[in-house]
Amino acid sequence: MTKTDGRDFASASLPRHLVRGVLGFGSLVLAVVLLPYAWPVSLALLPAGLLALRGCPMCWAVGLMQTLSRGRLRRSCEDGRCTLTPAR
């Protein structure tokens, strides 16, 4: 088993990660919709959405993949070559 380099976007559980996604994407969409009508509320929703997504939609997507694969795949590196194998 190898040591991670600290870039972990995964959540503790899949439902928690999906809730973060709904809150984040919902806040971003609502911010765009409310912009012409209530721009102060819209400006408040933007950072809330980005905070829920941990910075960006791509970070959330990477975290989703990490959350799904956590405990199912094992990465091992030997002789300068890394492979993914199913965990036992």
Side-chain angles (χ1 to χ4, degrees):
M1 189 92 138
T2 60
K3 186 175 148 183
T4 62
D5 59 358
R7 286 180 248 154
D8 190 16
F9 296 102
S11 294
S13 68
L14 183 60
R16 183 180 294 177
H17 196 83
L18 293 176
V19 166
R20 273 191 30 244
V22 168
L23 290 174
F25 287 114
S27 294
L28 293 178
V29 168
L30 197 56
V32 171
V33 169
L34 289 178
L35 189 58
Y37 308 108
W39 63 269
V41 174
S42 179
L43 288 178
L45 286 172
L46 281 175
L50 291 176
L51 182 66
L53 295 176
R54 292 188 185 166
C56 65
M58 184 58 77
C59 299
W60 181 85
V62 167
L64 178 62
M65 294 302 120
Q66 288 179 343
T67 302
L68 288 173
S69 69
R70 180 167 279 167
R72 295 184 181 156
L73 296 175
R74 179 165 296 167
R75 185 173 117 186
S76 60
C77 297
E78 295 176 8
D79 299 327
R81 188 175 163 147
C82 296
T83 58
L84 284 175
T85 58
R88 293 181 196 157

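Taking Ile, Leu, Val, Met, Phe, Trp and Tyr as hydrophobic and joining them when side-chain heavy atoms fall under 4.5 Å apart, one finds L23 in a cluster with V19.
Hydrophobic clustering (side-chain heavy atoms under 4.5 Å, transitive across Ile, Leu, Val, Met, Phe, Trp, Tyr) keeps F25 apart from V62.
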Contacts under 3.5 angstrom, residues 32-58 side chains, donor-acceptor by atom type, not counting sequence neighbours:
from, atom 1, to, atom 2, distance (Å)
S42, OG, A31, O, 2.4
R54, NH1, F9, O, 3.2
R54, NH1, A10, O, 3.3

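Pairs engaging residues 20-30 under the side-chain hydrogen bond (donor to acceptor under 3.5 Å, both in side chains) rule: S11-R20, H17-R20 [sequence neighbours left out].
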